[in-house]
Amino acid sequence: MDTSKIVGEKIKSLRESRNITMEELAQRSGLAIEQVERIENNIDLPSLAPLIKIARVLGVRLGTFLDDQDETGPTVCRRAEAGDTISFSNNAIQSRKHMEYHSLARSKADRHMDPFIIDVSATDDMDFVLSSHEGEEFIYVLQGCMEISYGKNTYLLNEGDSIYYDSIVPHHVHGYQGQAARILAVVYTPA
């Protein structure tokens with residue numbers, strides 16, 4: 001199942017259950033009202049940065065938007081289950097999709113980290129916009145070569161290489177020279 005359509009519905013449901021208007025959510029998250037509306041209506045595939053801002057306003061973990069169960073004990077993700085994806089864009093305004101996230105712990109309700117296998121699509125677009133959000137990220141390259149723009153630095157990672165960084169520093173993760181790749185990523189965002 002492609003969970004892309006579920007994210008907007010969950011955001012809207014959580015917002016309404018907390019009696020927060022769309023305007024309040026936009027203001028408190030620092031996002032444009034049009035962007036919030038497009039996300040809730042599943043028109044735009046948001047990047048992680050706006051989702052993290054929305055999660056903070058709603059008082060939930062980033063993973064809440066992906067959860068499908070409320071398991072509090074250990075969670076096992078079998079290979080067949082890791083096929084379900086959620087897609088995020090690299091620029092929500094233009095709705096460009098370049099990564100498919102396979103959540104490895106979406107049924108773990110009380111987690112503090114969100115582990116993903118991410119398939120990075122090949123792209124001709126090299127006009128990447130750096131973004132930042134609270135928390136930390138860990139990336140391990142499974143296949144291909146990744147380029148991580150981090151602040152004023154650029155890091156090339158080959159298969160078997162990893163990077164761990166504070167995500168408050170503006171950054172962007174993409175395949176080197178637009179090539180496809182596959183990574184393991186763990187995202188931590190404080191609640």
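Everything numeric in this text was worked out from a predicted model, so none of it was measured.
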- Indicate yes or no: at least one non-hydrogen side-chain atom of Arg15 is less than 4.5 angstrom from one of Glu40. yes
- Item | Aromatic ring pairing His172/His174, orientation class (parallel under 30°, perpendicular over 60°, tilted between) | tilted
- Separation between OG of Ser162 and CZ of Phe138, rounded to the nearest 0.5 Å: 4.0 Å
- Query: Linking I/L/V/M/F/W/Y whenever any side-chain heavy atoms sit under 4.5 Å apart, do Val173 and Tyr150 land together?
  - Reply: yes
- Query: What pair of heavy atoms forms the shortest contact from Ala181 to Gly144, and how long is it?
  - Reply: CB-CA, 4.2 Å
- Query: Which value, rounded to the nearest 0.5 Å, describes the distance between Ser29 atom OG and Leu51 atom CG?
  - Reply: 10.5 Å
- Ile139 side chain near Val186 side chain, heavy-atom distance below 4.5 Å: no
All N/O donor-acceptor pairs, side-chain side in residues 163-171, below 3.5 Å, sequence neighbours left out:
{"from": "Tyr164", "atom 1": "OH", "to": "Glu136", "atom 2": "OE1", "distance (Å)": "2.5"}
{"from": "Tyr165", "atom 1": "OH", "to": "Glu137", "atom 2": "OE1", "distance (Å)": "2.7"}
{"from": "Ser167", "atom 1": "OG", "to": "His133", "atom 2": "O", "distance (Å)": "3.3"}
{"from": "Ser167", "atom 1": "OG", "to": "His133", "atom 2": "ND1", "distance (Å)": "3.4"}
{"from": "Ser167", "atom 1": "OG", "to": "Gly135", "atom 2": "O", "distance (Å)": "2.9"}
{"from": "Ser167", "atom 1": "OG", "to": "Glu136", "atom 2": "N", "distance (Å)": "3.3"}
{"from": "His171", "atom 1": "ND1", "to": "Ser131", "atom 2": "O", "distance (Å)": "3.1"}
{"from": "His171", "atom 1": "ND1", "to": "Val169", "atom 2": "O", "distance (Å)": "2.8"}
{"from": "His171", "atom 1": "NE2", "to": "Glu137", "atom 2": "OE2", "distance (Å)": "3.1"}

- Message: Between Glu147 and Leu156 (side chain of the first, backbone of the second, donor and acceptor by atom type, cut-off under 3.5 Å), is there such a pair?
- Response: no
- Do any N or O atoms from the side chain of Asp161 and from the backbone of Asn158 form a donor-acceptor pair under 3.5 angstrom? yes
- Only counting residues at least two apart or in another chain, list the ones meeting side chain to side chain donor-acceptor pair (under 3.5 Å) with Glu24. Thr21
- Message: Pair Thr189, Glu134 - check side-chain contact (heavy atoms from CB on, under 4.5 Å), show working.
- Response: CA-CA 6 Å; Thr189 51; Glu134 292 184 61; 5.8 Å; no
- Task: Would you mind reporting whether Leu25 and Ile54 have side-chain heavy atoms less than 4.5 Å apart?
- Result: yes
- Any sub-3.5 Å donor-acceptor pair from Ser13's side-chain atoms to Lys10's backbone N or O? no
- Message: Other residues, nucleotides and ligands only: do more than 12 of their heavy atoms fall within 6.0 Å of CE on Met113?
- Response: no
- In Å, rounded to the nearest 0.5 Å, how long is the span from OH of Tyr176 to OG1 of Thr154? 10.5 Å
- Flag side-chain contact, heavy atom, 4.5 Å: Arg182 against Ile117: yes
- Query: Are Ile33 and Val7 connected in the hydrophobic side-chain network, where two residues link if heavy atoms are under 4.5 Å apart?
  - Reply: yes
- Kindly compute the distance separating CD (Glu159) from SG (Cys145), expressed to the nearest 0.5 Å. 9.0 Å
- Would you say Leu58 and Arg18 make side-chain contact, with heavy atoms under 4.5 Å? yes
- Query: Can you tell me how far the CG atom of Asp114 sits from the NE2 atom of His112, to the nearest 0.5 Å?
  - Reply: 11.0 Å
- Query: Does a sphere of radius 6.0 Å around CD in Glu16 hold more than 12 heavy atoms from other residues, nucleotides or ligands, not counting ones at 6.0 Å or beyond?
  - Reply: yes
- Message: Can you tell me how far apart CG (Asp124) and CD (Gln177) are? Round to the nearest 0.5 Å.
- Response: 12.0 Å
- Message: Would you say that Val120 contacts Met146 through its side chain, given a criterion of any heavy-atom pair below 4.5 Å between the two side chains?
- Response: yes
- Message: Can you give me the closest heavy-atom contact between Thr123 and Phe128, atom names plus distance?
- Response: CG2-CZ, 4.4 Å
- For the residue pair Ile39 and Val36, establish whether any side-chain heavy-atom pair is separated by less than 4.5 Å. no
- Message: Could you check whether any side-chain heavy atom of Leu157 comes within less than 4.5 Å of a side-chain heavy atom of Ile183, counting everything from C-beta outward?
- Response: no
